[in-house]
Visitor: 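Got a structure for you, questions after.
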Number of protein chains: 2
Amino acid sequence: MPEQNNSHLHALKVSCSNCTLRELCLPVGLNRDELAQLDAVIRQSRRLKRGEYMFRSGEAFKSLFAIRTGFFKTCMSSQDGREQVTGFHMSGELLGMDGISANVHGCDAIALEDSEVCELPFSRMQSLSRDIPSLQHHFYRLMSREIVRDQSIMLLLGNMKADERLAAFLLNVSSRLATRGFAANDFILRMSREEIGSFLGLKLETVSRTLSKFQQQGWIKVDHKHIQLYQTDELKNLISGCIHAHSH
Amino acid sequence: MPEQNNSHLHALKVSCSNCTLRELCLPVGLNRDELAQLDAVIRQSRRLKRGEYMFRSGEAFKSLFAIRTGFFKTCMSSQDGREQVTGFHMSGELLGMDGISANVHGCDAIALEDSEVCELPFSRMQSLSRDIPSLQHHFYRLMSREIVRDQSIMLLLGNMKADERLAAFLLNVSSRLATRGFAANDFILRMSREEIGSFLGLKLETVSRTLSKFQQQGWIKVDHKHIQLYQTDELKNLISGCIHAHSH
DNA sequence: GGAGAAGCTTGACGCTTGTCAAAGCGGGGT
DNA sequence: ACCCCGCTTTGACAAGCGTCAAGCTTCTCC
């Protein structure tokens, strides 16, 4: 249900100009000189092992982080210990935008596999985006995209049943992997059943049961974290009714 | 649960410079000349009657809208007709930021009472914010605030029980009204039970029953849309466990 | 002012999902 | 290589919320 297009690459195109290279940035419309300025701002990338924090809720906000490689979850925790996963994030995505409003990070970002990120000091990106209009516009669009993503998750949590949520989740993961050149119908989940459940507003047992149900119906194959999608049409059918429709 | 501070006034301070006046803008740090530029960009305000659309999902995105007076809901509708309310919005709040990413509005915005809005043509705000750094920063913060708000609603929809959701909702409305100088413990709801339920991921009957339950316990008084809060402490107790806590 | 529609409340019932429990499997670390 | 711990699966049961239905109040429009 959340973004099923290839647009997350835009973040990659900006963030990895000093590594994954020039041509990735061109779509943003930067010239050679502007690229050099951008390179100068991006800090050396940081490597994180599985389980490490990219940032924590409550920490001072100084930078945005772009995922170069790897996989992350973001989550908030409540006073009584419950934690809610607010998103799963793959290469090319930009994290930390919720920290801008109060100059404090609003969630934890934790690596679910060994990962590599670029740090973008926000104040310098801000002044740079004054000089490079297309960069400014790009940032507005990225933040807007995050708003759209969050709202489609609100729709999922507010309207959909357990099997619809799982179907939407699997299709979302599948399409995002495909965008990055991985197999769309055969992948390894990097997160636990509990983390999936937390993200989808379900208990881990419900996640497990629903996956088993999908398997019994021949729609997917589940081997622990290894998922294969056999009949994506059936999954799409499940959520066809609850998908967002423009009114015109 | 969503924003319980006075920061929504920031949008007002920007948007209403040509009406609600100068001093409201100063906190953003604009000088006389910059204010004049801003005034020139803001279009004459528009009046809307109850039930009218400020914008519709699918329409071309050209402007953001600041609510000067009145009350709005934003909602998305799915193909099978179900609609989900994604937010309720009061004076001073800025709407339409989800349209930036795709140049298309992503939700409907509908007046729940006669209202008045300022239109901010986005491309002109964008170029103006290049010349006025504090305005640029202000916009980033407003968008970030929207992300934070959406994520706290995700937390509500993913983790909380019906009575916790209602308590969080009532306290949120109360605090936002107080911020605007209205009574915090005695107010008229502008939306129906069904709209509340849609926003909170509940059915209207559950909303009604839960309000009745609160009333039986002496915590509130319900007379249709007229709500009085008698024991906000009890409501706060309900949600104290599920409120967001920084990890440090 | 009256009639109809829309919104609200309340009850009875059932389904979906959460809770508790037990057992199996797999993976990571020593 | 082995062991232990954590993750997953599955079952039985309970509860919370949704569904259906009826009756009531309030608002709107003529």
Side-chain angles (χ1 to χ4, degrees), chain A residues 49-52 73 80-85 110-114 156-167 169-170 188-217 220-227 238 241-242, chain B residues 49-52 73 80-85 110 112-114 156-167 169 188-217 220-227 238 241-242:
Chain A
K49 288 211 177 294
R50 187 152 81 91
E52 283 190 299
K73 70 170 176 181
D80 54 4
R82 287 184 278 185
E83 98 166 13
Q84 159 115 11
V85 173
I110 302 172
L112 293 183
E113 63 179 25
D114 294 358
L156 179 147
L157 293 172
N159 272 331
M160 292 165 77
K161 298 202 176 298
D163 52 357
E164 297 171 332
R165 296 182 197 193
L166 249 304
F169 172 75
L170 291 174
I188 307 291
L189 293 174
R190 310 251 89 113
M191 73 293 282
S192 70
R193 299 287 189 266
E194 186 169 17
E195 287 165 332
I196 296 173
S198 171
F199 178 60
L200 298 177
L202 302 169
K203 294 294 159 186
L204 68 94
E205 293 93 333
T206 304
V207 173
S208 180
R209 266 187 262 272
T210 306
L211 288 175
S212 299
K213 199 187 82 180
F214 286 171
Q215 180 169 237
Q216 276 170 23
Q217 295 181 289
I220 69 175
K221 177 150 197 317
V222 183
D223 178 22
H224 300 93
K225 308 216 156 175
H226 181 194
I227 305 285
L238 252 189
C242 25
Chain B
K49 288 209 175 296
R50 187 153 80 91
E52 284 191 299
K73 69 171 175 181
D80 55 5
R82 286 183 279 185
E83 99 167 12
Q84 159 115 10
V85 174
I110 302 172
L112 294 183
E113 64 179 23
D114 295 357
L156 179 146
L157 294 172
N159 271 332
M160 291 164 79
K161 298 203 176 300
D163 52 357
E164 297 171 331
R165 295 182 198 193
L166 249 303
F169 172 75
I188 308 291
L189 293 174
R190 308 251 90 112
M191 73 294 280
S192 69
R193 300 286 190 269
E194 186 169 15
E195 288 165 331
I196 296 172
S198 171
F199 179 60
L200 297 178
L202 302 169
K203 293 296 158 185
L204 69 94
E205 293 93 333
T206 304
V207 173
S208 181
R209 265 187 262 272
T210 306
L211 288 176
S212 300
K213 197 186 83 179
F214 286 172
Q215 181 170 237
Q216 278 171 22
Q217 296 183 287
I220 69 175
K221 176 149 197 320
V222 183
D223 178 23
H224 300 94
K225 307 215 158 176
H226 181 194
I227 304 286
L238 253 188
C242 24

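Naming convention: chains lettered A, B, ... in sequence-line order (proteins, then strands); numbering from 1 in each chain. Note that the structure is predicted; figures quoted are calculated from it, not measured. Every heavy atom of this structure was used, including side-chain atoms; hydrogens, water molecules and symmetry mates were not.
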Visitor: Give the angle between the helix axes at the two ends of the helix from C/dG1-D/dC30 to C/dT30-D/dA1, taking five base pairs at each end and rounding to 10°.
Guide: 60°
Visitor: I'd like to check A/Glu194 versus A/Val207 (side-chain heavy atoms, cut-off strictly below 4.5 Å). Are they in contact?
Guide: no
Visitor: Can you name the closest pair of heavy atoms from B/Arg190 and B/Glu113 and give their distance?
Guide: CD-OE1, 2.5 Å
Visitor: Would you call B/Lys213 and B/Leu166 a side-chain contact if the rule is heavy atoms closer than 4.5 Å?
Guide: no
Visitor: Verify side chain to side chain contact (heavy atoms under 4.5 Å, CB included) between A/Met191 and A/Val85, making sure each step is shown before the conclusion.
Guide: CA-CA 11 Å; A/Met191 73 293 282; A/Val85 173; over 6 Å; no
Visitor: From CG of B/Leu189 over to P of C/dC8, roughly how many Å is that when rounded to an integer?
Guide: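 Atom-to-atom, B/Leu189 to C/dC8, this comes out as 9 Å.
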Visitor: Does any part of the side chain of B/Ile227, heavy atoms only, come nearer than 4.5 Å to the side chain of B/Ile188, both counted from C-beta?
Guide: no
Visitor: Could you check whether any side-chain heavy atom of B/Phe169 comes within less than 4.5 Å of a side-chain heavy atom of B/Leu202, counting everything from C-beta outward?
Guide: no
Visitor: Under 4.5 Å between any side-chain heavy atoms of B/Glu195 and B/Leu112, yes or no?
Guide: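 Contact flag for B/Glu195/B/Leu112 side chains = yes.
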Visitor: Please encode protein proximity along nucleotides 3-21 of chain D as a string of B, S and -, counting only heavy-atom distances under 4.0 Å.
Guide: -----SBBBB----SSBB-
Visitor: For the pair made of NZ in A/Lys213 and C1' in C/dT17, what is the distance, rounded to whole Å?
Guide: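 Distance, rounded to whole Å: 12 Å.
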Visitor: At under 4.0 Å, does any side-chain N or O of A/Arg165 touch on OP1 or OP2 of C/dT17?
Guide: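 For A/Arg165, the contact criterion (side-chain N or O under 4.0 Å from OP1 or OP2 of C/dT17) is not met.
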Visitor: What is the minimum heavy-atom distance between B/Leu157 and B/Gly201, and which atoms define it?
Guide: CD2-N, 3.8 Å
